[in-house]
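These notes concern the structure reproduced below.
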Amino acid sequence: MRQSYTAVIDRPIGYQDRYGNNYPINYGYIPNLIGGDGEWQDVYIISENVSAPLEVFEGELVAIIHRADDVETKWILTTAGEIVTYDQIKQATHFLEQYFTSTIELL
């Protein structure tokens, strides 16, 4: 059974960061869960059921992106029961993961 989490979205669809990256998916964090960088655990929201900017998202952990050249891992959340493929994750996260050497672990 997949674990459910509630994420706070601090970079919604359409957000542009200081480096000029435009976010095509919602990106946020799990409050009160510390990641490898000592900050809240970061999450990408990947779902065919979500196409609008969000403030909060409750979903299931389906994959983890491990970065070989960074202390952080990125979690992938999706809606309950939804199947997300390796290729969907790779394509949806390319806008940021292209700058890192990363692998995707499907859960």
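Numbers here simply count residues along the sequence, with the first being 1. We use all heavy atoms of the structure for the numbers below, so side chains are in, but hydrogens, waters and symmetry mates are not.
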Run the side-chain contact (heavy atoms from CB on, under 4.5 Å) check on Thr78 and Val84 step by step: do they pass? CA-CA 8 Å; Thr78 194; Val84 179; 3.5 Å; yes
Answer yes or no: is there a side-chain heavy-atom contact under 4.5 Å between Ile25 and Ile46?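 Side-chain contact under 4.5 Å: yes.
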Is the shortest side-chain heavy-atom distance between Glu105 and Thr73 below 4.5 Å?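 They are not in contact (no side-chain heavy atoms under 4.5 Å apart), so the answer is no.
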Non-neighbouring partners of [X] that pass side chain to side chain donor-acceptor pair (under 3.5 Å), sequence neighbours left out:
X     : value
Gln88 : Glu48, Thr85
Glu60 : Arg2
Asp87 : none
Thr93 : none

Roughly how far, to the nearest 0.5 Å, is CD1 of Ile13 from CZ of Arg11?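 So the CZ of Arg11 and the CD1 of Ile13 are separated by 14.5 Å.
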Tell me, which pairs form a salt bridge (Lys or Arg N to Asp or Glu O under 4.0 Å) where one or both residues lie in residues 15-27, sequence neighbours left out?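 The answer is none; no pair qualifies.
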Using the salt bridge (Lys or Arg N to Asp or Glu O under 4.0 Å) rule, collect all pairs that involve residues 26-44, keeping only residues at least two apart or in two chains.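 Salt bridge (Lys or Arg N to Asp or Glu O under 4.0 Å) check on residues 26-44 returns Asp42-Lys74.
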side-chain contact (heavy atoms from CB on, under 4.5 Å) between Phe57 and Thr79: does it pass, once the steps are laid out? CA-CA 9 Å; Phe57 178 82; Thr79 56; 4.0 Å; yes
Any chance you could lay out the side-chain contact (heavy atoms from CB on, under 4.5 Å) test for Ile30 and Thr6, step after step, and finish with the verdict? CA-CA 6 Å; Ile30 310 286; Thr6 300; over 6 Å; no
Looking at residues at least two apart in the chain, or sitting in another chain, which of them share a side-chain contact (heavy atoms from CB on, under 4.5 Å) with [X]?
X      : answer
Ser102 : Ile65, Arg67, Glu97
Asn22  : Gln16
Ala63  : Ile76, Ile89, Ile104, Leu106
Asp10  : Tyr27, Tyr29

Are Ile64 and Val43 joined in one hydrophobic group, where the rule is that I, L, V, M, F, W and Y side chains link up if heavy atoms are under 4.5 Å apart?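 In one cluster with Ile64: Val43, yes.
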Can Tyr44 be reached from Leu54 by stepping across I, L, V, M, F, W or Y side chains whose heavy atoms are under 4.5 Å apart?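 Leu54 does not cluster with Tyr44.
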Indicate whether the side chain of Tyr99 and that of Asn21 have a donor and an acceptor atom separated by less than 3.5 Å.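 Yes, a side-chain donor-acceptor pair sits under 3.5 Å.
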Could you go through Leu33 and Trp40, starting from their C-alpha distance and side-chain angles, then the distance that decides it, and tell me whether this counts as side-chain contact (heavy atoms from CB on, under 4.5 Å)? CA-CA 5 Å; Leu33 182 62; Trp40 303 133; 5.6 Å; no
Closest non-hydrogen atom pair between [X] and [Y], with its separation:
X     : Y     : answer
Gln98 : Phe95 : NE2-O, 3.2 Å
Gln41 : Gly35 : OE1-CA, 3.6 Å
Ala7  : Leu77 : CB-CD1, 4.0 Å

Enumerate the residue pairs fulfilling ring-ring contact (aromatic ring centres under 6.0 Å, His included) with a member in residues 64-93, sequence neighbours excluded, ordered by first and then second residue.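 Listed by first then second residue: Tyr5-Trp75.
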Just by modelled atom types, is the Pro12 backbone N or O under 3.5 Å from a matching donor or acceptor in the Asn26 side chain?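 Judged by distance alone, no pair lies under 3.5 Å.
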Members other than Tyr19 in its cluster, when Ile, Leu, Val, Met, Phe, Trp, Tyr link by side-chain heavy atoms under 4.5 Å?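 None, because no other hydrophobic side chain comes under 4.5 Å of this residue.
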